[in-house]
2 protein chains.
Amino acid sequence: MYRSVNLYQIMRPTKRDELVQKALKVFYQYGFHATGMDMLATETGISKTSIYKHFRTKEDLILAVLRLRDEHFRNWLYRRMEELADSPRQQLIAMFDALEEWFNEIDYKGCMFIKASSEYQEASHPIHKQSADHKRMLERHITQLAENAGLTNPDVLARQLLLLKEGAIVTAHLGHTENPAKDAKASAIDLLNLHSK
Amino acid sequence: MYRSVNLYQIMRPTKRDELVQKALKVFYQYGFHATGMDMLATETGISKTSIYKHFRTKEDLILAVLRLRDEHFRNWLYRRMEELADSPRQQLIAMFDALEEWFNEIDYKGCMFIKASSEYQEASHPIHKQSADHKRMLERHITQLAENAGLTNPDVLARQLLLLKEGAIVTAHLGHTENPAKDAKASAIDLLNLHSK
DNA sequence: TATAAGGTTTACCGATCGGTAAACTATATA
DNA sequence: TATATAGTTTACCGATCGGTAAACCTTATA
């Protein structure tokens with residue numbers, strides 16, 4: 001019995017994952033508070049009862065959604081940076097080309113973690129904390145790239161590049177500026193040159 | 001009669017303004033969707049019926065709140081930049097010192113307009129549009145300062161400085177980085193030097 | 001003193017909020 | 001065939017959502 005249960009869960013986590021995947025789209029498009037569980041059941045085609053079989057609360061579901069989003073986004077960004085450039089230095093610059101591609105998607109609605117932390121504001125809230133963790137992991141990766149590129153003060157430079165990234169993300173969503181990714185990229189190139197030995 | 005009505009409205013717009021002022025604090029602290037009208041009535045001490053005498057809908061109230069916030073914030077930032085530095089060039093740098101003061105306030109919860117645009121995502125939504133207008137007005141002012149400072153490409157530089165500002169604002173709220181205002185300021189100084197003749 | 005405007009309280013509206021109970025169906029293994 | 005699991009539908013829970021109706025109080029002017 002135990003064997004069959006475990007095998008089933010290992011081999012077919014499909015429905016649960018399908019739910020998280022669909023919920024991600026809905027939360028991203030409409031926001032967290034604005035998305036009710038009834039609407040979520042309708043949009044995903046999965047009954048509310050089934051949803052609550054998988055997740056104790058709406059908050060738990062959101063945390064799972066953010067986990068998936070973190071995995072998807074970091075994988076995509078890191079891969080795209082590698083595809084667009086060879087050297088670590090050029091990859092840091094290519095981050096802003098990748099961002100521009102993202103901004104130009106028709107359904108672009110900003111960064112899910114900025115939104116999450118802004119709807120769940122207290123720093124102690126699990127959703128806020130998990131959003132901060134995502135940013136921390138990005139920072140670690142970019143810092144490593146800056147080190148590999150042999151740049152001076154790789155940690156400071158990484159934080160500065162990420163400030164440009166976050167600024168471009170919210171500016172692209174506000175929509176009052178033509179091409180924030182391009183402006184950010186130009187700044188990034190300048191900063192990189194200044195941090196070269 | 002008409003005279004008395006008008007005089008009354010001109011001389012004592014107090015209650016309405018008091019409502020907007022208090023609603024601003026509540027919306028800023030708890031978010032827009034998360035703040036119900038009953039809670040708002042309780043927190044402001046103004047009955048729901050009275051609120052709806054002044055504003056037809058919750059959305060109208062939010063628009064009034066954002067108008068007040070725009071006025072407060074821009075006045076505060078511009079004044080603080082002037083207090084902290086004399087030359088236009090130094091004032092541009094001082095923007096990040098002013099931001100650091102803001103970030104260190106105990107009730108700091110990020111930028112109200114970023115939050116508003118992220119809870120009302122469609123670019124056509126009045127709340128989203130008004131948030132974008134705020135950013136546009138900031139851009140105009142910073143561009144003017146860059147021109148007065150005699151810097152090359154004042155418009156590009158202004159947009160880049162504002163990318164750093166927005167990035168610092170969301171990073172300070174996420175709370176995963178020590179002192180984003182300091183990082184942003186260092187970048188700003190570098191960019192300013194590169195744009196000097 | 002009559003009147004009008006701004007404000008109040010109390011109560012209510014239908015809809016939706018997050019979440020649950022119960023009874024049922026389909027599938028896959030023992 | 002018996003059993004366990006994942007999933008379903010229907011109905012419901014108390015609370016809160018944005019918004020309104022009606023009756024009353026207060027204050028300042030005509």
Side-chain angles (χ1 to χ4, degrees), chain A residues 1-24 26-27 29-66 116 119-120 125-127, chain B residues 1-24 26-27 29-66 116 119-120 125-127:
Chain A
M1 309 185 178
Y2 284 119
R3 198 168 147 270
S4 76
V5 170
N6 289 338
L7 271 181
Y8 194 82
Q9 289 183 341
I10 291 170
M11 294 166 59
R12 303 191 38 209
T14 34
K15 261 284 146 67
R16 184 196 157 110
D17 287 11
E18 186 188 332
L19 163 62
V20 176
Q21 207 170 322
K22 288 182 175 173
L24 167 51
V26 180
F27 280 130
Q29 183 165 16
Y30 299 105
F32 297 100
H33 283 103
T35 301
M37 295 304 283
D38 289 277
M39 174 193 175
L40 205 58
T42 304
E43 292 269 331
T44 60
I46 296 168
S47 72
K48 223 162 51 141
T49 312
S50 295
I51 295 179
Y52 279 100
K53 285 257 166 67
H54 289 295
F55 299 97
R56 276 180 43 259
T57 62
K58 182 184 185 182
E59 182 181 317
D60 280 356
L61 172 57
I62 292 176
L63 288 172
V65 163
L66 291 181
E119 289 206 48
Y120 301 89
H125 196 291
I127 293 179
Chain B
M1 310 182 181
Y2 284 119
R3 199 168 144 269
S4 77
V5 171
N6 289 338
L7 270 181
Y8 193 83
Q9 289 183 342
I10 292 169
M11 294 166 58
R12 305 188 37 205
T14 32
K15 261 285 144 64
R16 183 195 156 111
D17 288 10
E18 187 188 331
L19 164 60
V20 176
Q21 207 170 324
K22 288 182 175 173
L24 168 51
V26 181
F27 280 130
Q29 184 164 16
Y30 299 105
F32 298 98
H33 283 103
T35 301
M37 295 304 284
D38 289 278
M39 175 192 175
L40 206 58
T42 304
E43 292 269 330
T44 61
I46 297 169
S47 71
K48 224 162 51 141
T49 312
S50 296
I51 294 178
Y52 279 99
K53 285 258 166 66
H54 290 295
F55 299 97
R56 276 181 42 260
T57 62
K58 182 185 185 181
E59 183 180 317
D60 281 355
L61 172 57
I62 292 176
L63 288 171
V65 163
L66 291 182
E119 288 206 48
Y120 302 88
H125 195 291
I127 293 178

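Chain naming here is simple, since letters A, B, ... match the order of the sequence lines and numbering starts at 1 in each.
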Subject >> Earlier contact from the 5' end, DNA chain C, for A:K53 and B:S47 >> reply: B:S47
Subject >> Partners meeting side-chain contact (heavy atoms from CB on, under 4.5 Å) with B:S50 (sequence neighbours left out) >> reply: B:I46, B:S47
Subject >> For A:H125, all residues meeting ring-ring contact (aromatic ring centres under 6.0 Å, His included), sequence neighbours excluded >> reply: A:Y120
Subject >> A:H54 NE2 to D:dT5 P, straight-line distance once rounded to whole Å >> reply: 14 Å
**OP:** Using the test side-chain contact (heavy atoms from CB on, under 4.5 Å), find all partners of A:D38 that sit at least two apart in sequence or belong to another chain.
**Re:** A:K48
Subject >> Contact state string [nucleotides 12-20 of chain C, B base, S sugar-phosphate only, - no protein heavy atom under 4.0 Å] >> reply: -----SBBB
**OP:** Would you please name every residue forming a side-chain hydrogen bond (donor to acceptor under 3.5 Å, both in side chains) with A:K22, sequence neighbours left out?
**Re:** A:E18
Original post:
A:Q29: what forms a side-chain contact (heavy atoms from CB on, under 4.5 Å) with it, not counting sequence neighbours?
Top reply: A:K109
